[in-house]
There are 2 protein chains.
Amino acid sequence: MESPVGLRERKKAATRQAVHEATLRLTVEHGFDHVTVEAVADAAGISRRTFSNYFTNKEDALLYGEEQHIGALVQAVRDRPAEEPAWAALRAAMAQFAERMAPPEREWAIRTRLALRHPSLLARQLANHAALERDLADAVATRATPSGEPVRPFVLAAAFLASLRIAMRIWIEEDEARGPGAVIDEIMEEMGRRFT
Amino acid sequence: MESPVGLRERKKAATRQAVHEATLRLTVEHGFDHVTVEAVADAAGISRRTFSNYFTNKEDALLYGEEQHIGALVQAVRDRPAEEPAWAALRAAMAQFAERMAPPEREWAIRTRLALRHPSLLARQLANHAALERDLADAVATRATPSGEPVRPFVLAAAFLASLRIAMRIWIEEDEARGPGAVIDEIMEEMGRRFT
DNA sequence: TGCACAATGGGCAATTTTGCACATTGCGCA
DNA sequence: TGCGCAATGTGCAAAATTGCCCATTGTGCA
């Protein structure tokens, strides 16, 4: 499945991930402004200087995970069989993508959202989101849709991402003890009726 | 208490310790001859080449822990108050030395002893033991003893180490659920009556 | 208002780790 | 008995990490 990556690259990836996670954890715990690069470096077991070798600043380190997820999701869509209809491909990619990551905990999800709501991060997140929407539209552009107008892929991608956001919001707000995947399924199902 | 060691040195020490522990664990599990340097390096998360940067061979890596303990014990004796009598210093050093390391588990101790009983290790262990005896004798040479003949320090050190070996043997063989420290105390007490 | 100071970004050299090549050694098996 | 091969030790260059440096920026306090 994976290409035979050497020790060097594996360690680099592990360090990058560790730095990202340390940044996220400390930010959720203390707030973005109260976390220093030095504290992150300490938590990740590297020097402050080495932090700079991996990320140019805290924002990069913090959003790295999200950007990874975005890339992975887009790739998952691209990897779906070419003949699969657009909406089905999006849902299937989401499903196999979701099962690859640890099930998020409600409390943590809430705190993370709060932590990420920070001025110096918003612009970047907006841009990421736009890029994701564009890439998803790209990835399903050649697939079958109910009617098949040229503009449709963008609408599809937007609807898909909107469903995702809505599902997360509902999951966070509701009391039921079900995972986010279940809510996502529900909303996707509802939204999907309009696009299949 | 500790000198302000930098990140670099701390990491080096950690790696060296990790390599040693990986060597010990794999040796106990599979036997000295069935453990390759490569396997040790993998288990320690470093490359085979880096192993060579820390130890010249498996023997070194395996006996590193023991040699560390030896050094620590000798140092502990040296750190005792100068006016403390010889045997008391040895016992006190042993006590404070023992409480610094994790309480060994019987099964593990047995396996370790067996694993270390290997031709290519024996000579080195003998030498280490002799050195320890010499260093301990040195460390108590200036201290008060019951009669104070010049040769006495060597006898003292030998008796001390013999007590240690006997205590370990008894501890390994007996069924009682007490730690090795208790047995050591008992034997030291008995042996000590002849030297105080 | 201006200064002291912490945080940061990045240049640079020293040190460490890695990957690779090559020679040597010891052992099992044809 | 001799060959094939895995394991090992080591030289070397590339890459990564660290420590130390200094300039810049932002902030709180005198």
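Note on naming: letters A, B, ... go to the chains in the order of the sequence lines (proteins, then strands), and numbering restarts at 1 for each one.
- Between A/Lys12 and D/dA16, a side-chain N or O to OP1/OP2 separation shorter than 4.0 Å is present.
- No side-chain donor from either of A/Asn128 and A/Arg124 sits under 3.5 Å from a side-chain acceptor of the other.
- Ion pairing between a basic and an acidic side chain is recognised when a charged N comes within 4.0 Å of a carboxylate O; B/Arg111 and B/Glu29 show no such pairing.
- Atoms CG (A/Leu7) and P (D/dA15) sit 16 Å apart, rounded to a whole Å.
- Across the protein-nucleic acid pair, B/Asp42 atom CG and C/dG19 atom C1' stand 14 Å apart, rounded to whole Å.
- The aromatic rings of B/Phe195 and B/Trp87 sit parallel, their planes meeting at an angle under 30°, below the 60° perpendicular limit.
- Atom CD of A/Glu9 and atom C1' of D/dA15 are 11 Å apart (whole Å).
- Within the structure, every side-chain polar atom (N or O) of A/Lys11 is placed at least 4.0 Å from both OP1 and OP2 of D/dA16.
- Under 3.5 Å, the side chain of B/Arg8 and the base of D/dT17 form at least one donor-acceptor pair of N or O atoms.
- Remark: the backbone N or O of A/Val35 is paired with a side-chain donor or acceptor of A/Lys58 at under 3.5 angstrom.
- A salt bridge between B/Arg78 and B/Asp138 is absent, with no side-chain N of the basic residue lying under 4.0 Å from a carboxylate O of the acidic one.
- Listed for the B/Thr50 side chain is no donor-acceptor partner under 3.5 Å among the backbone atoms of B/Asn53.
- Salt bridge status for A/Arg178 with A/Glu186: present, with a side-chain N to carboxylate O gap under 4.0 Å.
- For B/Arg169, the CZ atom counts as loosely surrounded, since its 6.0 Å shell holds 12 or fewer non-hydrogen atoms of other residues, nucleotides or ligands.
- Contacts between residues 49-62 of chain A and DNA chain D, counted as heavy-atom distances below 4.0 Å, involve A/Arg49, A/Thr50, A/Asn53, A/Tyr54.
- The stretch residues 19-38 of chain A has no heavy atom under 4.0 Å from DNA chain D, so no residue of it qualifies as close.
- Looking at which nucleotide of DNA chain C each of A/Ala39 and B/Gly45 is closest to, the 5′-most match is held by A/Ala39.
- A/Ile70 and A/Phe160 fall within the same hydrophobic cluster, where Ile, Leu, Val, Met, Phe, Trp and Tyr residues are linked whenever their side-chain heavy atoms come under 4.5 Å apart, directly or through other members.
- Regarding B/Arg48, its CZ atom lies at a distance of 12 Å from the P atom of C/dC20, rounded to whole Å.
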